[in-house]
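Have a look at the structure below, then the notes.
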Amino acid sequence: MKIYKSDEIKNIALLGSKGSGKTTLAESMLFECGVIKRRGSVDAGNTVSDYFPVEKEYGYSVFSTLFSAEFNNKKLNIIDCPGADDFVGNAYTALGVTDIAVMTIDAEYGVEVGTQNIYRTTSRLHKPVIFALNKIDGEKADYDNVIEQLRENFGKKVVPIQYPLQSGPGFNALIDVLLMKKYEWGPDGGVPTISEIPESEMEKADALHRELVEAAAENDESLMDKYFEDGHLTEDEMRLGIRKGLIDRSILPVIVVSAAKDMGVRRMMEFLGNVCPFVTDMPAPETVDGISVAPDPNGPLSVFFFKTSVEPHIGEVSYFKVMSGTLKAGADLENVSRGGKERLAQIFTTCGSIRQPVESLEAGDMGAAVKLKDVRTGNTLDEKGCDFQFDFIKYPAPKFVRAIKPKNESDAEKLAGILTRMHEEDPTWLVEQSKELKQTLVKGQGEFHLRTLKWRIENNEKLPVEFSEQKIPYRETITKASRADYRHKKQSGGSGQFGEVHLIVEPYTEGMPEPDSYKFGNQEFKLNVRDKQEIPLEWGGKLIVYNCIVGGAIDARFIPAIVKGLMDRMEQGPLTGSYARDVRVMIYDGKMHPVDSNEISFRLAGRNAFSEAFRNANPKILEPIYDVEVMTPADSMGDVMSDLQGRRGMIMGMESDHGIERLNARVPLKEMASYSTSLSSISGGRASFSMKFADYELVPSDVQEKLLKEYAATQTED
């Protein structure tokens, strides 16, 4: 492959909902570019995209795939992304480093939840969008209905470039209203016959052509003037106008293809090559310091690494985009993200698993390097004297969590290393060593996402592992005031241990008045506050401790030890061993011994006095509540609502958005463990959801009783 200039390169993300035919479309695109001689199929497991063993095993795309192809003396870098919501992180990565999104739409289903989700991401990143209406030859394909859906969802800026003469199994011809030509294919697709538009279609074609010309002219004042003067634009002028409209997202072109039969794909490639913006046309990306960096091949050399994968028989492959300058094989660069130096001895262009060595790559181009020393996803490497650093890929929050451990405990350290490496390959696989839950947690976008992780660990790394549900980070608190005292006394020859603590506990809320007096039974306790400690807890809430000792009953030097005892029980609550929160404690009396009193004695006395008072203060267990937003097709709405209500969810609101229903609910985390799988089953994989922590709320009494029994059973076993 020749070395392309920055103004000859186009970077494209191929996106779409699961089942919309992206992998098949990518295969036909590569065939039309001459990269492959024969098109593979998803069913046969021989596509260029899905070449990882796990993808062949499961029969669906798991990782994004970079293709570099030449077409009409232009270089197209295309990143084919999985469509399943579980692997949406790939789409975020691809949109971060490409300049335009080609979104495949299944002509049988039209605008789906996945379409809306991806489009929102393109809006946030301000990326141009082209809709590729695929499977136009499907049994239930309806072109006019899909165009109507697109316009309902995305507005009048949706502009057809082509329309089929017939949707459904009889599809074999389309009218291109940009070129004003008819394209027709034989039963096997491939090279079309191009002819003039038949008279019967001329009125419709003219109307759509004028619509396209007006949309193109709106984006350039000189084009608008020319259109008003002449009443038309040349083909080149229309391309210029459409390109400008793409860049500012005022035009959303729609093209028509049957990827499986290779109908319309070559014309789509021509449109991408002739109309889509080059990397030099797009707004310059910014560094973390807010510096705009144009893709200048003569500028300082800076390379951003957006993906890492471990590939069969190769090892670690690192994919990059040249942000500035010209990268040459053998370049010595500095890793500004991690420190240290790195030599890129060889650089490659890639097409799936096929790598071709090149001598250099200019700004805006993409490539790969193998077996680098210490480069991770998201790192920036610069030449000496350059200090650019990029960090523009933001990933969605996880939605599915499992605890993981090796079947053989001795492999724990090995597993930790593997999980770290897996996270580098896919940053949406998150790993957390939870001190609170005493579990290693892996987090992802869904059940399939984590099942893929498990498959790779067991099959690629030969390390058997077990998944289990994560423990829930409950919290304990109290709902009324109570008092207790405890004497710790121990004598075993020589000096002994002695400490006695009297204290009062009550619930803490912000802004409550300072403690004054309390009455328990017939006894009143008047307090004289000498000192106050406010301890913010790292798990949320506070512990407030008042020293109300009078007359020197306990020496001030023992107060810190008592507070340590209180914190012991705040970290391991008396009810279930969960963290406690929002308690204030008044230490008002006690006793000490001139010889036997020491810090450990008062720590133990404080801990046990607190436990007793806590249990008598009508303690309650709090559970984490999450705000959940579900987007589902209207025909699944009833089942989705029933399922959420069965999970103790509280429906907070709902709204309709052009056939897609958006539902907001508050749901306990305990009930969300298998929600990803359940929602997929209910909606046929066509719904999606997001969730974020809201707050803690009291668990119902029946749930609390069950938790107390479960904890008591574990303590008995211990």
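Between Asp85 and Lys399 there is a salt bridge, since at least one side-chain N of the basic residue sits less than 4.0 Å from a carboxylate O of the acidic one. A salt bridge links Lys454 with Glu458: the distance from a Lys NZ or Arg NE/NH1/NH2 to an Asp or Glu carboxylate oxygen falls below 4.0 Å. A salt bridge is absent between Glu112 and Lys18; no separation between the charged side-chain nitrogens and carboxylate oxygens falls under 4.0 Å. A salt bridge does not link Arg39 to Glu27: none of the charged nitrogens lies less than 4.0 Å from a carboxylate oxygen.
Contact of the Phe171 side chain with the Trp185 side chain is registered, since non-hydrogen atoms from C-beta on lie closer than 4.5 Å. Looking at heavy atoms from C-beta onward, Met654 lies in side-chain contact with Met637 at the 4.5 angstrom threshold. Between Tyr163 and Leu208 there is a side-chain heavy-atom pair separated by less than 4.5 Å. Put simply, the side chain of His423 does not reach to within 4.5 Å of the side chain of Thr377, judged on heavy atoms. Taking the side chain as every heavy atom from C-beta outward, Glu425 and Arg456 approach each other to under 4.5 Å.
The side-chain contact (heavy atoms from CB on, under 4.5 Å) check on Tyr92 picks up Val88, Thr121, Arg124, Tyr395, Pro396, with sequence neighbours excluded. Listed by chain and number, the residues in a salt bridge (charged side-chain N to carboxylate O under 4.0 Å, His left out) with Glu270 are Arg267 (sequence neighbours excluded). Residues that satisfy the side-chain contact (heavy atoms from CB on, under 4.5 Å) test with Glu655, not counting sequence neighbours, are Arg662. Residues satisfying the side-chain hydrogen bond (donor to acceptor under 3.5 Å, both in side chains) test with Lys75, not counting sequence neighbours, are Asp365. The salt bridge (charged side-chain N to carboxylate O under 4.0 Å, His left out) search around Lys261 returns Asp137, not counting sequence neighbours. Partners of Val401 according to the side-chain contact (heavy atoms from CB on, under 4.5 Å) rule, which considers only residues two or more places apart in sequence or in another chain, are Leu441, Lys443, Gln470. Partners of Phe693 by ring pair (Phe, Tyr, Trp, His ring centres under 6.0 Å), not counting sequence neighbours, listed by chain and number: Tyr626, Tyr696. For Asp426, the side-chain hydrogen bond (donor to acceptor under 3.5 Å, both in side chains) partners at least two apart in sequence or on another chain are Thr428, His449. Scored by the side-chain hydrogen bond (donor to acceptor under 3.5 Å, both in side chains) test, Lys135 finds no partners at all (sequence neighbours excluded).
Remark: Lys321 is not positioned above the aromatic ring of Phe304, lacking an NZ or CZ atom under 6.0 angstrom from the ring centre and at most 45 degrees off the axis. Both the sub-6.0 Å distance and the 45° axial angle are not jointly satisfied by Arg355 relative to the ring of Tyr319.
Contact record, Gly364 with Asn11: O-ND2, 2.8 Å, taken as the closest heavy-atom pair. Closest approach of Glu108 and Glu139 over heavy atoms only: OE2-N, 3.1 Å. Between Gly138 and Pro169, the shortest heavy-atom distance links the atoms O-CD, 3.6 Å. Listed here is the closest heavy atom pair of Ala368 and Val317: CB-CG1, 4.0 Å. Among all heavy-atom pairs drawn from Cys276 and Ile130, the shortest one is SG-CD1, 3.5 Å. Heavy atoms only, all atoms of each residue included: Ile682 and Ser636 are closest at O-OG, 4.0 Å.
The side-chain hydrogen bond (donor to acceptor under 3.5 Å, both in side chains) contacts involving residues 675-689 comprise Asn117-Ser688, Glu447-Thr677, Asp643-Ser678, Arg647-Ser678, where partners must be two or more places apart or lie in separate chains. For residues 250-269, there are no ring-ring contact (aromatic ring centres under 6.0 Å, His included) pairs, not counting sequence neighbours. Pairs passing the ring-ring contact (aromatic ring centres under 6.0 Å, His included) check and including a residue from residues 126-148, sequence neighbours excluded, read Phe131-Phe154.
Between the side chains of Gln162 and Asp176, at least one donor N or O sits under 3.5 Å from an acceptor N or O. Between the side chains of Ser656 and Glu661, at least one donor-acceptor pair of N or O atoms lies under 3.5 Å. Side-chain contact check for Ser468 and Arg402: no donor-acceptor pair (N or O, by modelled atom type) lies under 3.5 Å. A donor-acceptor pair shorter than 3.5 Å cannot be found between the side chains of Ser167 and Asp142.
For the side chain to side chain contact (heavy atoms under 4.5 Å, CB included) test with Pro253, the passing option among Val159, Leu246, Val275 is Leu246; the others fail.
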Practice task
Any chance you could lay out the side-chain contact (heavy atoms from CB on, under 4.5 Å) test for Thr632 and Ile660, step after step, and finish with the verdict?
Solution key: CA-CA 6 Å; Thr632 178; Ile660 304 296; over 6 Å; no
Practice task
Kindly indicate, with the supporting measurements, whether the criterion side-chain hydrogen bond (donor to acceptor under 3.5 Å, both in side chains) is fulfilled by Ser68 and Thr349.
Solution key: CA-CA 6 Å; Ser68 294; Thr349 58; 5.4 Å; no
Exercise for the section: Would you check, one step at a time, whether the test side-chain contact (heavy atoms from CB on, under 4.5 Å) holds for Ser64 with Lys307? Expected result: CA-CA 9 Å; Ser64 60; Lys307 177 186 172 184; 3.8 Å; yes
Problem - Evaluation steps, side-chain contact (heavy atoms from CB on, under 4.5 Å), between Phe31 and Met29 - result: CA-CA 5 Å; Phe31 177 75; Met29 293 169 74; over 6 Å; no
Practice task
Mind running side-chain contact (heavy atoms from CB on, under 4.5 Å) on Ile457 and Met422 for me, showing each step along the way?
Solution key: CA-CA 9 Å; Ile457 294 172; Met422 292 293 190; 4.0 Å; yes
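Within a 6.0 Å radius of NZ in Lys127, more than 12 heavy atoms belonging to other residues, nucleotides or ligands are found. Heavy-atom contacts from other residues, nucleotides or ligands closer than 6.0 Å to NZ of Lys405 number 12 or fewer. Heavy-atom contacts from other residues, nucleotides or ligands closer than 6.0 Å to OH of Tyr109 number 12 or fewer.
Asn153 places no side-chain N or O within donor-acceptor distance of the main-chain N or O of Leu150, the cut-off being under 3.5 Å.
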